[in-house]
Amino acid sequence: MTYPNQPRQDGHDGTRPPQGGTWMPESGALPGRGSAYPEQDGTYAGRTGAPPAQDGPSPVREDAAAGRGGLYPAYAGTLPGQDPVYAGTLPGQTRTAPDTAAGPAAGTTAPPAAPEAPVSPARPGRDRYLDLLRAVALVRVVFFHLFGWAWLTVLFPSMGVMFALAGSLMARSLARPAGGVIRGRLRRLLPPMWAFSLLVVPVMFALSWKPVREEGLWWFVKIGCYLFPIGSPPYPEESGSTGGWLELTWADQAVGPLWYIRAYLWFVLASPLLLRAFRRLPWVTLLAPIGLTAVIGTGLVTVDGMLGDGLVDFAVFGSCWILGFAHNDGLLKEIPRYLAVSSAAIVMGFGLWWASGHLTEEGWNLDEIPLAQATWSLGFCAILLIYAPSWQRLPGKLAGWDGLITLANNRAVTIYLWHNLLLMAAAQLVDELWTIPWFGDAFGSYIEKSYDALVLIAIWPLIGLAILAFGWVEDTAAKRRPRLWPNGADRRGKRA
């Protein structure tokens, strides 16, 4: 039974005793530091002409357009993929040339008939296919951090998918002034992190975490990353106690996932310039991060410290973010499908080939092989977006999961921030089964054999409690009425 996580700063990995011990994580849980998470708002698949988008509750999901406040926002004007609405033309009508059936006036030449411009009826709503991808990514990251199966990073590269979806949303939103868009993203990103830090940081100090004298004022600057994560926030290498509820590596487990918040912040701040570059030189801009990864992600050039970590993550997932721009602008639809898919397959094949020659102790964990992660994720996301359907509602049997998918999208940041701490708590709860009189003696062997499965069962109620306790911060950050369990039931009831 393994509980992998981000490699410790001292390079030490631990293992968990089969029973009664503490949860000592192994390395490799987080891509480059971690896997998935959460965030991004729904976008419209591969369409051009997108209107200014309403800001949403979090970097993972934006919920309601102005004047609606419900689960499926409606936008005035032209939706992505629609023809422009002419002045004076109502939805569903077409604009045609003036009637010239009676013939031209004497001495005049009949003007050519104006071509018809059919206007599609408005199709408000989120793209539920993209919401489904987000929910799958969240579940996959929980499984990966629990079981540590390296092949999951190949089966579904969650981080690449989430950055691609976020890039598409960002491109759509940047139809509005960039300053307002960036402020809106920060407003939705930072308060949930502050709530998390408000609990975690005091506990670390209470357990004897102290400033590093050799770093001087720089140490306090790094602490500021808990307020504005321009870099990965620091944490003690060891905290807590062996055998306690907070074992020695709990801080590493808890704070490790914050690398994603830093990476997302970098992309948000860079997006106005990246989008401008993309629209001038699309293919150069799309592939440039791959080239950067080949330089700084392979050891050819090494950048140390906080800056180096940020640059590697920016390079590895930069092409996925910019691929979201291509999806939003409709560039992927302009390429013949056979050519786009075959090109993506070649890029993915290169990623696997590179990984095969650079395997680490964790085997095929692409999170530890930057160039393989970058190329495999890019090709994988391209295929997902090339074949992306546009679902206003989940089809068939998927409709039965609508509530959970909606809840995951509304609370993706909360789930991502807290899930590692909750995995530790779930493991401790399972350990307590051995202390129950007669139960531990009678069923101890069964507990040991099914330990991981029991932790997997325990984590979901704990995530539910975290949503109830902290999820409302996402609504407050979005300047919306706080909701305890936003699974869309009220909206579905109105549609019924």
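Below, all heavy atoms of this structure are taken into account, side chains as well, without hydrogens, waters or symmetry copies.
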Item to check | Close side-chain approach of L465 and L462, heavy atoms under 4.5 Å | outcome: yes
Item to check | Residue pair A195 / W418: nearest heavy atoms and the distance that separates them | outcome: O-CZ2, 4.4 Å
Item to check | CD on Q373 to CG on N365, rounded to 0.5 Å | outcome: 8.0 Å
Item to check | Non-neighbouring partners of W472 that pass side chain to side chain contact (heavy atoms under 4.5 Å, CB included), sequence neighbours left out | outcome: T476, P482
Item to check | Check ion pair D402-R393 (N to O, under 4.0 angstrom) | outcome: no
Item to check | Straight-line distance of D313 CG to F163 CZ, nearest 0.5 Å | outcome: 7.5 Å
Item to check | Straight-line distance of L152 CG to S158 OG, nearest 0.5 Å | outcome: 8.0 Å
Next on the checklist: Please report the interatomic distance CG(L454) to CD1(I447), rounded to the nearest 0.5 Å.
Outcome noted: 7.0 Å
Next on the checklist: What verdict does the side chain to side chain contact (heavy atoms under 4.5 Å, CB included) test give for W321 and M170, after you've listed the backbone C-alpha separation in whole Å, the side-chain angles of each residue and the deciding distance to 0.1 Å?
Outcome noted: CA-CA 9 Å; W321 185 274; M170 193 67 185; 3.9 Å; yes
Checklist entry - CG of L258 to OH of Y264: how many Å apart, nearest 0.5 Å? => result 15.5 Å
Checklist entry - Short question: side chain of D329, backbone of L331 - any donor-acceptor pair under 3.5 Å? => result no
Next on the checklist: What I want to find out is whether R262 reaches D309 closely enough, with some N-O distance under 4.0 Å, to be called a salt bridge.
Outcome noted: no
Checklist outcome for this item: Heavy-atom nearest pair, L378 first then L323, reads O-CD2, 3.9 Å
Item to check | Spacing of T414 atom OG1 and F196 atom CZ [to the nearest 0.5 Å] | outcome: 11.0 Å
Checklist entry - If you take all heavy atoms of L190 and L227, which pair is closest and at what distance? => result CD2-O, 4.0 Å
Next on the checklist: Would you say that more than 12 heavy atoms from the other residues, nucleotides or ligands in this model lie under 6.0 Å from the CH2 of W401, or not?
Outcome noted: no
Checklist entry - Angle class for the H419/H145 ring planes (parallel below 30°, perpendicular above 60°, tilted otherwise)? => result parallel
Checklist entry - Does a side chain donor of either R185 or S173 reach within less than 3.5 Å of an acceptor in the other side chain? => result yes
Next on the checklist: Testing the basics here: between R134 and M162, what is the closest heavy-atom pair and its distance to 0.1 Å?
Outcome noted: CG-CE, 2.8 Å
Next on the checklist: Counting C-beta onward and ignoring hydrogens, is there a side-chain heavy-atom pair between L417 and I261 closer than 4.5 Å?
Outcome noted: yes
Next on the checklist: Tell me whether S239 contacts the main-chain N or O of M204 through its side chain, where contact means a donor paired with an acceptor under 3.5 Å.
Outcome noted: no
Item to check | Note, I182 side chain near P272 side chain (heavy atom, < 4.5 Å) | outcome: yes
Next on the checklist: Strictly distance-based, threshold 3.5 Å: is any side-chain N or O of T293 a donor or acceptor partner for the main-chain N or O of A315?
Outcome noted: yes
Checklist entry - Counting distance only, does the side-chain N/O of S168 pair as donor-acceptor with the main-chain N or O of L165 below 3.5 Å? => result no
Checklist entry - Can you check whether L407's main-chain N or O pairs, donor with acceptor, with N487's side chain at less than 3.5 Å? => result no
Next on the checklist: Given 3.5 Å as the limit, does a donor-acceptor pair link the side chain of Y226 with the main chain of P234, or not?
Outcome noted: yes
Checklist outcome for this item: Heavy-atom nearest pair, V154 first then F380, reads O-CE1, 4.4 Å
Checklist entry - When you look at OH of Y446, are more than 12 heavy atoms from neighbouring residues, nucleotides or ligands closer to it than 6.0 Å? => result no
Next on the checklist: Between E362 and A150 (side chain of the first, backbone of the second, donor and acceptor by atom type, cut-off under 3.5 Å), is there such a pair?
Outcome noted: no
Item to check | Nearest non-hydrogen partners of I230 and W266, listed with the distance | outcome: O-NE1, 2.8 Å
Item to check | T285 versus R279, side-chain donor and acceptor atoms under 3.5 Å | outcome: no
Next on the checklist: For the backbone of W364 and the side chain of T153, can you confirm whether one donor and one acceptor N or O come within less than 3.5 Å of each other?
Outcome noted: yes
Checklist entry - Heavy-atom distance under 4.5 Å between the side chains of R483 and I467, does that happen here? => result no
Checklist entry - Is the shortest heavy-atom distance from the side chain of W245 to the side chain of D431 under 4.5 Å? => result no
Item to check | Under 3.5 Å donor-acceptor, Y235 side chain and Q253 backbone | outcome: no
